[in-house]
Amino acid sequence: MSTHNPTAGPRWTTLHQVLFWALALGGLTLTSLHSYLLFHSLAESLSIVVACAVFLLAWNARRFMTQGYLLFLGISCLWVGLVDLLHTLAYQGMGVFPGRGANLPTQLWIAARYLQALAWLAAPWFLRHRVEAVPLLAAGGVITGLLLALVFSGRFPDCFLEGEGLTPFKVHSEYLIVGLLALAMLLLWRRRQDLDPRVWTCMLAALALSMASELSFTAYAGVYAPANLLGHLLKIMAFYLLYQAVIVTGLRQPYSLLFHELKRSEEVLRQSQQTAQTLLNAPHESALLLDLEGLVVAINQVAARRLGSSPEEMAGRRVFDYLPPEAARERQARVAEVVGSGQGLRFEDQRGGRWFDNALYPLLDSQGAVWRVAVFSQDITQRKEHEQERERLLAELQQALAEVKTLSGLLPICAHCKRIRDDQGYWERIESYLSQRSGAIFTHAICPDCARRLYPDLIKDET
């Protein structure tokens with residue numbers, strides 16, 4: 001009975017890669033024993049081919065890239081590969097530039113490494129910025145042309161002197177290049193979230209091997225020295241990792257590289273949707289978004305709870321189905337009015353014994369047509385109750401003031417019988433007049449003076 005080990009495939013793949021590169025590097029090393037010139041040509045040709053392939057991939061995919069990292073790195077690889085090609089042709093023993101010795105290829109090497117290090121250093125900035133391909137290509141050509149003009153005109157500092165070996169400028173330049181690569185590694189580490197993890201890992205490893213390669217080139221005394229050989233082997237591995245990161249991932253798994261920005265944009269969009277949903281649920285009042293058919297596009301928890309449901313259940317359903325028939329007809333007519341006029345609308349209505357203040361706002365598309373309606377509803381029942389109580393108190397106060405006003409001013413009163421003339425010209429007893437207008441109730445009695453005057457005998461007997 002056979003069993004399947006899911007990790008066997010990746011292990012064998014890694015083992016195959018290790019065996020292949022052990023044999024390949026071993027074979028290259030053996031070619032150096034036969035002819036170091038052959039070894040050097042093969043090693044440099046491999047790195048030049050990879051650099052040109054990176055350029056071709058980036059250049060042809062430039063219309064699909066929203067970030068300029070790969071495009072910038074690809075264009076810089078073209079110019080680095082060009083200088084490396086001249087370095088290979090100028091190498092001692094090739095005979096392409098007779099009489100120039102070992103200084104010219106060493107100068108071209110340093111020029112290429114400066115270009116490469118500066119490109120690596122600037123590339124992380126373009127992870128979040130776009131670049132203009134043609135101006136960038138032209139700028140790279142101008143910079144490369146100036147460097148080559150300095151080298152071939154003899155104005156570039158010497159890097160190798162016969163009988164003395166490497167010059168201090170060359171050694172210090174290698175250390176400076178190592179420092180630039182280390183800084184580039186730090187910047188790439190800080191922007192690691194902007195790259196596919198596999199690409200980012202390969203890029204960091206390529207930078208580390210490039211630094212090791214540069215350090216080995218500070219130690220050789222001749223162009224055929226072992227340190228020179230080690231430096232070229234490390235450079236091959238660095239360019240192989242660049243190949244893995246850009247060519248293999250870019251061709252076999254293009255979505256991992258060329259469309260990584262799309263994935264990042266989707267993540268940003270997802271986070272924005274979560275933020276929007278959080279803000280939507282933050283208010284204490286109802287908020288929902290409807291399409292032209294009344295289907296719920298978005299709804300907060302307050303609105304869903306008031307309608308006796310949940311946001312998840314109501315998504316994509318008609319909001320009018322959750323309202324009483326009369327309220328549903330009225331709300332549907334209001335939404336249709338907003339869609340037809342393209343203007344906002346505000347109104348109050350009652351539902352379930354509670355008052356609501358409603359605001360409807362149209363959302364327009366790029367052609368200016370309404371395609372969504374935002375609905376906001378606030379429960380104003382308590383406010384309505386306060387308003388009604390305030391109106392009741394105000395009415396009572398106004399009535400009281402009106403009554404006080406009626407009893408003020410000049411009142412025509414008879415000097416003999418004391419009856420009062422009302423507004424219609426009728427004379428009525430003073431107690432009737434006041435009772436009707438003030439609500440006062442009169443009881444009758446007799447004062448002592450009137451009692452003595454009218455009933456003197458009674459008053460005298462009592463005394």
Side-chain angles (χ1 to χ4, degrees), residues 66-67 128-130 261-395:
T66 57
Q67 62 176 208
R128 299 179 182 177
H129 299 82
R130 295 182 63 89
E261 179 64 19
L262 177 60
K263 294 180 181 179
R264 193 171 72 88
S265 299
E266 291 176 352
E267 177 63 20
V268 172
L269 178 60
R270 185 186 64 81
Q271 294 176 355
S272 299
Q273 290 176 338
Q274 290 180 346
T275 302
Q277 189 64 37
T278 302
L279 294 176
L280 187 65
N281 289 325
H284 298 290
E285 303 304 332
S286 301
L288 62 157
L289 187 64
L290 306 177
D291 67 3
L292 300 184
E293 302 297 326
L295 300 180
V296 176
V297 178
I299 186 170
N300 69 350
Q301 295 176 355
V302 175
R305 185 171 61 251
R306 285 177 177 171
L307 294 172
S309 184
S310 65
E312 294 77 16
E313 180 185 347
M314 294 191 64
R317 298 193 177 185
R318 281 172 49 89
V319 69
F320 308 119
D321 296 338
Y322 293 84
L323 297 171
E326 184 177 352
R329 287 192 295 270
E330 181 183 359
R331 293 290 181 93
Q332 193 168 0
R334 300 283 190 176
V335 171
E337 181 180 351
V338 172
V339 173
S341 65
Q343 302 293 325
L345 181 65
R346 188 166 183 174
F347 62 96
E348 295 179 0
D349 66 356
Q350 278 185 298
R351 187 178 75 249
R354 303 193 69 82
W355 280 91
F356 292 92
D357 181 15
N358 308 289
L360 278 63
Y361 300 98
L363 274 67
L364 309 180
D365 58 16
S366 57
Q367 283 74 37
V370 178
W371 75 297
R372 293 284 190 272
V373 176
V375 181
F376 302 94
S377 183
Q378 182 179 8
D379 190 336
I380 58 171
T381 303
Q382 188 175 11
R383 189 182 75 188
K384 277 288 186 180
E385 292 175 351
H386 290 167
E387 289 178 354
Q388 292 174 356
E389 179 66 16
R390 185 173 66 249
E391 290 176 358
R392 186 184 65 79
L393 294 176
L394 182 61

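Side chains included, hydrogens not; waters and symmetry mates left out as well; all remaining heavy atoms used.
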What pair of heavy atoms forms the shortest contact from Asp291 to Arg372, and how long is it?
CB-NH1, 3.7 Å

Out of curiosity, Arg390 CZ to Arg383 CZ, how far, rounded to the nearest 0.5 Å?
9.5 Å

Here the pair of heavy atoms bringing Leu364 nearest to Val370 is CD2-CG2, 3.5 Å

Between the NZ atom in Lys384 and the CD atom in Gln382, the distance rounded to the nearest 0.5 Å is 14.0 Å

Leu360 and side chain to side chain contact (heavy atoms under 4.5 Å, CB included): which single residue from Val339, Val375, Leu290 fits?
Val375

Closest approach of Phe356 to Asp379 (non-hydrogen atoms, all atoms of both residues):
CD2-CA, 3.8 Å

For the atom pair CH2 (Trp355) and CD (Glu387), what is the distance rounded to the nearest 0.5 Å?
9.5 Å

To the nearest 0.5 Å, tell me how far His386 NE2 sits from Ile380 CD1.
12.5 Å

Minimum heavy-atom distance Asp365-Trp371, with the two atoms named
N-CD1, 3.6 Å

Hey, are the side chains of Leu288 and Met314 touching, using non-hydrogen atoms and a 4.5 Å cut-off?
no

Heavy-atom pair of closest approach, residues Ala304 and Ile299:
N-CD1, 3.8 Å

I need the Ser309 OG to Gln301 CD distance, nearest 0.5 Å.
12.0 Å

Looking only at atom types and distance, does a side-chain atom of Arg318 sit under 3.5 Å from a main-chain N or O of Glu293, one as donor and one as acceptor?
yes

Would you list the atom pairs, donor with acceptor, under 3.5 Å between side chains in residues 322-335 and any protein atom, with sequence neighbours excluded?
from	atom 1	to	atom 2	distance (Å)
Arg331	NE	Asp349	OD2	3.0
Arg331	NH2	Asp349	OD1	3.4
Arg331	NH2	Asp349	OD2	3.4
Arg331	NH2	Asn358	OD1	3.2

Looking only at heavy atoms, what is the nearest atom pair of Pro362 and Gly342, with distance?
CG-O, 3.3 Å

Nearest 0.5 angstrom please: Glu385 CD to Arg354 CZ, how far?
7.0 Å

For the residue pair Arg317 and Val296, establish whether any side-chain heavy-atom pair is separated by less than 4.5 Å.
no

